[in-house]
Enquirer: 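Before anything else, here's the structure in question.
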Amino acid sequence: MSAEPRPPHFIEQIVAGDNESRAWGVWSRADAGPLDDPGAKGDAARARLGRPRVHTRFPPEPNGYLHIGHAKSICLNFGLARENGGKFNLRFDDTNPAKEEQEFVDSITRDVRWLGADFEGPYGGGLHFASNYFGTMYGYAVELIKKGRAYVCELSAEEVSKRRGTPTVPGTSPFRDRPAPDSLRLIDEMRRGLHADGSMTVRARIDLASPNFNLRDPVLYRILHEHHHNTGGEWCIYPMYDWAHGLEDSIEGITHSNCTLEFENHRPLYDWFIDAINEGRTEDGSGPWGPRIHHPRQIEFAKLQLSSILLSKRNLRRMVEEGFVAGWDDPRMPTLSAFRRRGFTPESIRALCDDVGCTKFESLIDLARLENACRDHLNKVAPRAMAVLNPLRVTIENWPEGRVEHLNFVVNPEDPGAGTRTVPFSRTIYIERDDFMEHPEKGFFRLAPGAEVRLRWAYFLTCTGVEKDASGAITGLRATIDPATRGGDAPVGPDGKPTRKVKGTIHWVSCDHALPAEVRLYDRLFTTEEPGKATGKWEDDINPLALQVVRAFVDPALAGARYRPASENGADVGDRYQFERLGYFCVDPDSGAGFGGRGTAGLVLNRTVTLKDSRPKAQRP
RNA sequence: UGGGGAUUGGUGUAACGGUAGCACAGCUGACUCUGGAUCAGCUAGUCAAGGUUCGAAUCCUUGAUCCCCAGCCA
């Protein structure tokens with residue numbers, strides 16, 4: 001998008017500074033990667049040797065689908081690893097068995113791959129699960145109890161809440177002075193399943209008077225007798241996010257723990273945990289506690305917010321569960337699965353994330369920028385075709401019945417390598433109803449009675465008559481073509497210059513050859529920039545026109561269009577086209593089997609985004 | 001009413017004591033077999049008030065506005 005590379009943002013600057021000072025050391029033979037690998041992974045591993053360590057991660061909880069907001073974090077973290085020759089981990093933060101499901105692990109894995117953050121490629125540090133570290137974390141908790149830094153508390157959730165205090169009044173717990181041996185016995189009993197859910201917790205002993213509530217003796221473990229998607233029935237106590245998260249980064253050797261702004265208040269807690277664990281530990285591992293553990297640097301940035309879009313998991317879940325949309329991948333949703341189904345490319349999403357930069361300012365990005373990024377990319381790569389969404393039949397009176405010509409059609413003017421194909425032309429064609437005005441208004445330069453336009457790649461056409469039904473509605477047009485304009489070029493005079501010009505060019509399809517298709521015209525789900533802001537209920541701002549379905553006639557070349565499983569970074573994607581003058585469209589999986597889809601019908605197409613409309617604002621529909 | 005953050009054109013983003021720049025949007029015009037694309041130009045900004053300084057978006061003071069925090073969620 002940008003002509004010049006964007007200047008480095010603040011996190012990139014921090015990383016560059018850390019590289020300069022070797023703040024995180026350098027990659028060694030032990031952690032650089034598979035040096036013997038003959039492919040790209042080996043190349044990256046060998047290049048990594050001796051370079052400053054940069055190791056990032058994307059740590060989603062598998063409790064929902066990834067949305068466009070996550071894309072920013074994925075691009076940031078993967079980009080940092082790639083640009084610095086480092087590594088990027090995909091890690092599931094699966095510390096709450098009650099909320100997490102395999103379906104979400106699968107969708108997230110697929111979506112991260114689709115975006116291009118290849119966590120198993122040359123810059124990949126692999127796929128990880130926080131739940132694999134439960135044993136290590138438990139050991140750290142026991143260590144903290146032994147050090148007098150944690151205790152078992154038997155306050156109920158309600159009592160903890162009641163005793164939390166206020167910003168100026170300290171909290172209390174009658175258990176915080178429980179002797180370490182007692183807490184040790186109790187945590188063991190908790191782990192062994194001897195206590196009921198909610199009966200007790202492990203808490204850090206920090207500061208019940210801190211104005212930062214995160215430091216008011218936060219809970220480390222709660223009892224949950226639940227089946228876990230990864231560890232099954234192995235555990236009945238589960239670590240809280242705050243306790244687990246920083247440790248996960250530490251265990252994986254993450255150098256820069258990038259997260260969103262709301263965790264700024266948690267950073268002192270994460271630092272406290274690691275410092276407390278490191279208390280008494282030594283560099284060489286001598287002494288009672290072993291070697292010091294890694295202490296990552298957390299950096300907070302503002303999450304991506306887009307206008308006319310809702311991104312909280314709670315709201316997305318409601319939209320799906322209460323039927324506002326058809327599912328997580330309904331093309332009206334802001335999930336990555338939905339954007340993919342709608343026809344957005346990973347390149348365009350990455351371009352947006354790169355374009356908006358990264359700061360601590362909570363900005364609201366105009367959704368149009370994502371749409372523009374998509375147009376930008378698709379313009380360069382999408383093959384062109386013609387389709388008529390709202391057909392008006394035109395009979396060409398000076399074209400013989402039954403005669404068919406195959407005219408040359410440029411597949412993509414932006415890409416000469418895409419070549420040409422042919423498109424059939426016959427006596428009756430469909431044109432777009434909007435491209436005709438019986439009484440043309442000022443500035444309208446398409447078809448009107450007596451007016452001449454160019455049929456794209458075909459002939460100049462002059463409207464000679466209008467057919468109407470009893471109610472006066474226009475049912476068809478009569479017209480003639482100029483045989484001397486075959487191919488769409490004006491005849492040239494003796495001076496080699498065109499003898500006449502037409503201002504308008506319209507698209508068309510031959511009635512006898514057109515392929516019928518269901519076209520789903522998508523628009524934004526909400527009519528306001530900040531849904532629900534006015535009334536407090538986003539339901540009030542739902543756009544009833546976010547989906548309109550039309551029966552269209554499309555270019556016969558679309559007979560070859562397909563929905564293709566595992567075709568784009570392993571994800572299922574439909575073929576994408578530009579329908580000239582209309583926008584970008586792609587094959588939906590609801591298409592019939594003949595088109596590679598899972599549905600029973602014929603061809604189903606989604607409108608990804610319209611073409612830009614540069615008519616003066618007053619003239620736009 | 002405690003603590004933690006933030007504030008530069010319409011929207012984003014740079015400038016790290018030394019000419020407020022870039023992108024997108026908007027508006028003109030050129031070109032065009034897509035009212036697309038492309039090309040050229042224009043419009044438009046440092047939250048406020050003081051202070052330090054030869055010089056302040058940048059440093060200091062005070063204030064304004066917005067966001068986050070009192071889950072056994074993440």
Side-chain angles (χ1 to χ4, degrees), chain A residues 1-4 6-9 13 59-61 63 93-96 98-100 153 155-158 160-169 171 197-203 210-216 218-224 237-238 240-242 244-245 260-268 300 302 307 313 355-366 368-369 372-373 375-376 379-380 384 386 410 413-414 443-446 454-458 460 485 487-490 501-507 578-583 610-617 619-620:
Chain A
M1 286 182 95
S2 326
E4 290 180 23
R6 173 183 50 71
H9 56 65
Q13 291 179 27
E61 183 191 18
N63 71 340
D93 210 329
D94 51 354
T95 56
N96 187 345
K99 295 193 169 184
E100 295 149 10
C153 177
L155 248 25
S156 70
E158 200 182 324
V160 169
S161 171
K162 230 185 289 174
R163 289 166 166 267
R164 181 112 30 207
T166 70
T168 49
V169 176
D197 286 8
S199 60
M200 53 185 71
T201 60
V202 180
R203 292 227 258 167
S210 173
N212 181 348
F213 278 80
N214 295 127
L215 299 176
R216 312 259 263 223
V219 172
L220 270 38
Y221 281 96
R222 76 285 220 191
I223 303 172
L224 288 173
I237 61 171
Y238 290 92
M240 294 289 292
Y241 172 88
D242 273 343
H245 196 80
T260 47
L261 255 25
E262 68 264 35
F263 295 106
E264 216 150 13
N265 290 335
H266 298 236
R267 179 157 30 95
E300 306 85 11
S307 62
K313 274 185 186 168
D355 209 42
V356 300
C358 188
T359 67
K360 301 188 77 153
F361 178 61
E362 296 180 67
S363 59
L364 183 66
I365 308 294
D366 191 336
R369 287 180 70 165
N372 285 333
R375 291 185 181 107
D376 236 46
N379 176 50
K380 294 188 187 81
R384 312 288 131 121
M386 294 195 287
V410 175
E414 300 291 316
F444 183 84
F445 48 84
R446 287 109 85 194
R454 172 187 292 111
L455 295 174
R456 179 80 159 154
W457 303 120
F460 285 11
T485 58
D489 291 311
K501 288 208 169 191
V502 290
K503 188 116 189 258
T505 297
I506 65 173
H507 58 273
Q578 184 200 96
F579 289 158
E580 295 214 346
R581 303 210 307 126
L582 294 175
T610 62
L611 251 33
K612 188 179 157 190
D613 188 347
S614 68
R615 277 175 284 177
K617 272 198 170 149
Q619 282 182 38
R620 292 180 207 172

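We name chains A, B, ... by the order of the sequence lines, and we start the count at 1 in each one.
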Enquirer: Please work out if Gly443(A) contacts a base, only the sugar-phosphate, or nothing of the nucleic acid, heavy-atom cut-off 4.0 Å.
Expert: base
Enquirer: Does Thr485(A) reach the main-chain N or O of Gly488(A) with its side chain, forming a donor-acceptor pair under 3.5 Å?
Expert: no
Enquirer: Under 4.0 Å, heavy atoms only, any strand: does Asp93(A) hit a base, just the sugar-phosphate, or nothing?
Expert: sugar-phosphate
Enquirer: Tell me the partner of rU65(B), counting only Watson-Crick (N1-N3 plus N6-O4 or O6-N4) or G-U wobble (N1-O2 and O6-N3) with both under 3.5 Å; none if nothing fits.
Expert: rA6(B)
Enquirer: Given the C1' atoms of rU58(B) and rA20(B), what is the spacing between them in whole Å?
Expert: 12 Å
Enquirer: Got a second to check how far Thr201(A)'s OG1 is from Ile223(A)'s CD1, nearest 0.5 Å?
Expert: 8.5 Å
Enquirer: Measure from the side-chain heavy atoms of Leu364(A) and tell me the nearest of rG35(B), rG12(B), rA14(B).
Expert: rG12(B)
Enquirer: Determine the contact category for Pro59(A): base if any of its heavy atoms lies under 4.0 Å from a base atom, sugar-phosphate if only primed atoms, P, OP1 or OP2 are that close, otherwise nothing.
Expert: nothing
Enquirer: If the C1' atom of rA40(B) is compared with that of rU13(B), how far apart are they to the nearest Å?
Expert: 24 Å
Enquirer: What interatomic distance, in whole Å, is found between C1' of rU8(B) and the corresponding atom of rC68(B)?
Expert: 23 Å
Enquirer: Can Glu580(A) and Arg456(A) be counted as an ion pair, charged N to O under 4.0 angstrom?
Expert: yes
Enquirer: Tell whether Gln13(A) reaches the base of rC16(B) with its side chain through a donor-acceptor pair below 3.5 angstrom.
Expert: yes
Enquirer: Looking at rU38(B), which nucleotide sits across from it as a Watson-Crick or G-U wobble partner, both distances under 3.5 angstrom, or is there none?
Expert: rA30(B)
Enquirer: Should the side chain of Arg446(A) and the base of rG35(B) be counted as holding a donor-acceptor pair, with the cut-off at 3.5 Å?
Expert: yes
Enquirer: When you measure from the side chain of Pro211(A), which nucleotide among rU13(B), rA37(B), rG2(B) comes out closest?
Expert: rG2(B)
Enquirer: Quick one: Phe213(A) CZ to rC69(B) P, roughly how many Å, whole number?
Expert: 12 Å
Enquirer: Which part of the nucleic acid does Thr201(A) contact within heavy-atom distance under 4.0 Å: base, sugar-phosphate only, or nothing?
Expert: base
Enquirer: How is Ser210(A) classified with respect to the nucleic acid when contacts are heavy atoms under 4.0 Å: base, sugar-phosphate, or nothing?
Expert: nothing
Enquirer: Quick one: label Thr95(A) by what it contacts on the DNA or RNA (base, sugar-phosphate, nothing), any heavy atom closer than 4.0 Å.
Expert: sugar-phosphate
Enquirer: Please tell me which of the listed nucleotides, rG12(B), rU34(B), rG26(B), lies nearest to the side chain of Lys612(A)?
Expert: rG26(B)
Enquirer: Once you apply a heavy-atom cut-off of 4.0 Å, does Met240(A) come out as touching a base, just sugar-phosphate, or nothing?
Expert: sugar-phosphate
Enquirer: Rounded to the nearest 0.5 Å, what's the gap from OG1 on Thr505(A) to CH2 on Trp457(A)? Could you check?
Expert: 9.5 Å
Enquirer: What contact category does Glu300(A) fall into here, base, sugar-phosphate, or nothing, at under 4.0 angstrom with non-hydrogen atoms?
Expert: nothing
Enquirer: Please compare Asn212(A) and Cys358(A) by the position of their nearest nucleotide in RNA chain B and report the one closer to 5'.
Expert: Asn212(A)
Enquirer: For rC59(B), which nucleotide is its Watson-Crick or G-U wobble mate, given both distances must be under 3.5 Å?
Expert: rG51(B)
Enquirer: Identify whether any heavy atom of Gly198(A) sits under 4.0 Å from a base atom; if not, whether one sits that close to sugar-phosphate; answer base, sugar-phosphate or nothing.
Expert: base
Enquirer: What does rA25(B) pair with, Watson-Crick or G-U, if both distances are under 3.5 Å?
Expert: none
Enquirer: Of the nucleotides rA6(B), rG2(B), rG35(B), which one has an atom closest to the side chain of Phe361(A)?
Expert: rA6(B)
Enquirer: For the pair made of CG in Asp613(A) and P in rA37(B), what is the distance, rounded to whole Å?
Expert: 10 Å
Enquirer: Taking atom P of rG2(B) as reference, at what distance in whole Å does atom CG of Leu215(A) sit?
Expert: 18 Å
Enquirer: Check for a donor-acceptor pair, side chain of Arg375(A) on one end and backbone N or O of Thr610(A) on the other, with a separation under 3.5 Å.
Expert: yes
Enquirer: Given the C1' atoms of rA64(B) and rA70(B), what is the spacing between them in whole Å?
Expert: 27 Å
Enquirer: Here's a test for you: under side-chain hydrogen bond (donor to acceptor under 3.5 Å, both in side chains), which of Lys313(A), Lys99(A), Glu100(A) qualifies with Asn63(A)?
Expert: Lys313(A)
Enquirer: Please work out if His266(A) contacts a base, only the sugar-phosphate, or nothing of the nucleic acid, heavy-atom cut-off 4.0 Å.
Expert: base
Enquirer: In whole angstrom, what separates Lys360(A)'s NZ from rG4(B)'s C1'?
Expert: 9 Å
Enquirer: Who is the Watson-Crick or G-U wobble partner of rU1(B), with both distances under 3.5 Å?
Expert: none
Enquirer: Glu262(A) CD to rG3(B) C1': how many Å, rounded?
Expert: 17 Å
Enquirer: Which is true for Glu414(A) with a 4.0 Å heavy-atom rule: it touches a base, it touches only sugar-phosphate, or it touches nothing?
Expert: base
Enquirer: How far, in whole Å, is rG9(B) from rC72(B) if one measures between their P atoms?
Expert: 40 Å
Enquirer: To the nearest angstrom, how far is Asp366(A) atom CG from rA25(B) atom C1'?
Expert: 8 Å
Enquirer: If I pick the P atom on rG3(B) and the same atom on rG63(B), what distance separates them, to the nearest angstrom?
Expert: 13 Å
Enquirer: With a 3.5 Å distance limit and no angle check, can you tell me whether Arg216(A) reaches the backbone of Ser210(A) through a side-chain donor-acceptor pair?
Expert: yes
Enquirer: Please measure how far the P atom in rU1(B) lies from the corresponding atom in rU62(B), and state the result in whole Å.
Expert: 15 Å
Enquirer: Tell me which nucleotide among rA23(B), rG35(B), rU13(B) gets nearest to the side chain of Asp355(A).
Expert: rA23(B)
Enquirer: Base, sugar-phosphate, or nothing for Gly165(A), non-hydrogen atoms under 4.0 angstrom?
Expert: base
Enquirer: Taking the P atom in each of rA23(B) and rU43(B), what is the distance between them to the nearest angstrom?
Expert: 15 Å
Enquirer: What nucleotide, of rG4(B), rU34(B), rG71(B), holds the atom closest to the side chain of Arg164(A)?
Expert: rG71(B)
Enquirer: By nearest atom, which of the nucleotides rU34(B), rU32(B), rG5(B) is closest to the Glu580(A) side chain?
Expert: rU34(B)
Enquirer: Tell me whether the OP1 or OP2 atom of rA6(B) has a side-chain N or O from Thr359(A) closer than 4.0 Å.
Expert: no
Enquirer: Looking at the base of rC24(B), is there any donor atom on it, or on the side chain of Asn372(A), that sits under 3.5 Å from an acceptor on the other one?
Expert: no
Enquirer: Given atom CZ of Arg369(A) and atom P of rU11(B), what is their separation to the nearest angstrom?
Expert: 12 Å
Enquirer: Find the distance His9(A):NE2 to rA6(B):C1' and express it as a whole number of Å.
Expert: 18 Å
Enquirer: What I want to check is whether the side chains of Glu158(A) and Ser156(A) have a donor and an acceptor closer together than 3.5 Å.
Expert: no
Enquirer: With a 4.0 Å cut-off on heavy atoms, is Phe444(A) in touch with a base, just the backbone sugar-phosphate, or nothing at all?
Expert: base
Enquirer: Determine which nucleotide pairs with rA74(B), using a 3.5 Å limit on both distances of a Watson-Crick or G-U wobble pair.
Expert: none
Enquirer: Would rG71(B) be called syn or anti, given that syn covers angles within 90° of 0?
Expert: syn
Enquirer: Show your working on side-chain contact (heavy atoms from CB on, under 4.5 Å) between Asp355(A) and Arg6(A) and close with a plain yes or no.
Expert: CA-CA 8 Å; Asp355(A) 209 42; Arg6(A) 173 183 50 71; over 6 Å; no
Enquirer: Taking atom types as they are modelled, would you say the side chain of Gln578(A) forms a donor-acceptor pair with the base of rU34(B) within the 3.5 Å cutoff?
Expert: yes
Enquirer: Reckon Leu582(A) touches a base, only the sugar-phosphate, or nothing at all at heavy-atom distances under 4.0 Å?
Expert: nothing
Enquirer: Whether the side chain of Asp242(A) engages the backbone of Leu220(A) through a donor-acceptor N/O pair (distance < 3.5 Å, no angle test) should be reported.
Expert: no
